[in-house]
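Every chain is numbered from 1 and lettered A, B, ... according to where its sequence line falls, protein lines coming before strand lines. The figures that follow rest on heavy atoms only: side chains count, while hydrogens, waters and symmetry mates do not.
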Protein chains: 2
Amino acid sequence: MEQRDRPMGHCTRANEVISLVGDKWTVHIVMLLTQGKRRFTEIERAVDGISRKMLTVTLRALERDGFVERTVYPTVPLRVEYCLTDLGFEMAEPLRALGNWAIANQERVFDARRRFDGQAGETMAINAHKERR
Amino acid sequence: MEQRDRPMGHCTRANEVISLVGDKWTVHIVMLLTQGKRRFTEIERAVDGISRKMLTVTLRALERDGFVERTVYPTVPLRVEYCLTDLGFEMAEPLRALGNWAIANQERVFDARRRFDGQAGETMAINAHKERR
DNA sequence: CGGTATCCGAAGCGATACTG
DNA sequence: CAGTATCGCTTCGGATACCG
């Protein structure tokens with residue numbers, strides 16, 4: 001809507017793509033599909049905790065952006081397979097790099113988090129709205 | 001709250017970190033801070049469209065996770081500077097890689113998106129009745 | 001200058017029920 | 001099997017007003 005033609009326009013675009021992978025399930029699904037094609041129910045079972053609705057929504061978003069290809073086999077019963085496109089595999093690389101970094105450094109992050117939360121209740125009263133997990 | 005000890009625990013953790021960078025403003029701010037420390041208002045002006053509230057919230061989250069360090073100079077008027085920590089700079093690398101990929105390939109993504117949206121009502125029998133406006 | 005507090009609409013997401 | 005439709009709760013995020 002309010003797109004000024006600033007030199008950062010491409011950053012806004014980039015952020016859109018990154019926002020996609022920032023949601024709750026996309027990374028899980030993309031990483032699963034790097035291992036090969038999967039059927040709807042296979043993904044549902046592999047990605048623990050995902051609801052049918054969110055699986056559909058997430059897969060549609062990935063399909064729309066060209067990361068995932070959906071193939072329907074009109075057998076009985078129905079059979080639908082999802083696999084990464086070339087674009088999907090390419091994006092999976094930097095995504096995996098970020099994921100690996102996150103896995104490798106989670107302790108440092110959670111240490112910092114505990115430290116921050118620990119001294120938060122003493123001097124200031126800013127928390128109470130950030131206690132999520 | 002309900003963290004099951006599944007073998008995918010580390011994926012869940014990784015996803016938490018990735019979720020942080022997936023929000024609307026984090027990437028912009030982190031990338032800005034890779035260029036050096038910035039004052040609150042400097043960030044506000046550099047990251048176009050961000051509200052005061054979201055700037056505060058995002059910076060707090062980054063500080064909590066140990067990516068950003070906040071330094072207060074009790075001068076008059078007040079002066080607060082934000083800079084990346086070592087952890088922040090380390091994370092910025094894979095993050096930049098993902099961002100660069102997104103910038104380099106945005107056209108492919110938006111092409112796919114237009115293609116998907118274009119044929120949404122034509123060939124597929126899935127919708128057929130949902131195109132009501 | 002650098003925040004915090006509150007209100008509120010929008011979006012995310014799960015639960016449930018129904019369909020081809 | 002592989003979805004779609006609807007509901008309702010929760011979180012996100014902008015607008016506004018106030019504070020040390």
Practice prompt. Choose from dG2(C), dG13(D), dT4(D) the nucleotide whose nearest atom is closest to any side-chain atom of Met54(B).
Written response: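 Closest nucleotide among those given: dG13(D).
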
Worksheet item: Closest to the Phe40(B) side chain: dG3(D), dG2(C), dC1(D)?
Response: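 When the side chain of Phe40(B) is considered, dG2(C) is the closest of dG3(D), dG2(C), dC1(D).
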
Whole-Å distance separating the [atom1] atom of [X] from the [atom2] atom of [N]:
X        : N       : atom1 : atom2 : answer
Glu81(B) : dG3(C)  : CD    : P     : 12 Å
Arg52(A) : dT4(D)  : CZ    : P     : 12 Å
Arg70(A) : dT4(D)  : CZ    : C1'   : 12 Å
Arg38(A) : dG3(D)  : CZ    : C1'   : 20 Å
Leu20(B) : dT11(D) : CG    : C1'   : 15 Å
Ile50(B) : dG2(C)  : CD1   : C1'   : 14 Å
Asp23(A) : dG13(D) : CG    : C1'   : 17 Å
Leu59(B) : dG3(C)  : CG    : P     : 8 Å

Practice prompt. Identify the two heavy atoms, one from Ile29(A) and one from Ile50(A), that lie closest to each other, and give their separation to 0.1 Å.
Written response: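 Closest approach of Ile29(A) to Ile50(A), heavy atoms only: CD1-CD1, 4.2 Å.
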
Worksheet item: Pick the nucleotide of DNA chain C nearest each of Lys53(A) and Leu78(A); which residue has the one closer to the 5' end?
Response: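 Result of the comparison: Lys53(A).
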
Worksheet item: For Tyr73(B), which contact category applies under a 4.0 Å heavy-atom criterion: base, sugar-phosphate, or nothing?
Response: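 No contact at all - Tyr73(B) keeps every heavy atom at 4.0 Å or more from the nucleic acid.
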
Fill in: Side chain proximity check, Leu20(B) to Leu62(B), heavy atoms < 4.5 angstrom
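Of all side-chain heavy-atom pairs linking Leu62(B) with Leu20(B), at least one is under 4.5 Å.
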
Worksheet entry | Asp111(A) and Arg114(A) ion-paired at < 4.0 Å |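 Looking at Arg114(A) together with Asp111(A), the answer is yes, because their closest N to O distance falls below 4.0 Å.
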
Worksheet item: Do any side-chain nitrogens or oxygens of Tyr82(B) fall under 4.0 Å of OP1 or OP2 in dG3(C)?
Response: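 Yes, because at least one side-chain N or O of Tyr82(B) sits under 4.0 Å from OP1 or OP2 of dG3(C).
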
Practice prompt. Examine dC1(C): is either OP1 or OP2 under 4.0 Å from a nitrogen or oxygen in the side chain of Arg39(B)? Give yes or no.
Written response: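 Answer no for this pair, as no side-chain N or O of Arg39(B) is under 4.0 Å from OP1 or OP2.
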
Discussion item. By the definition side-chain contact (heavy atoms from CB on, under 4.5 Å), identify the one residue from Thr58(A), Val30(A), Leu33(A), Leu87(A) that meets it with Val68(A).
Written reply: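 Checked Thr58(A), Val30(A), Leu33(A), Leu87(A) against Val68(A); only one passes side-chain contact (heavy atoms from CB on, under 4.5 Å): Leu33(A).
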
Fill in: Atom CG of Asn100(B): over 12 foreign heavy atoms under 6.0 Å
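It does: Asn100(B) CG has more than 12 such atoms within range.
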
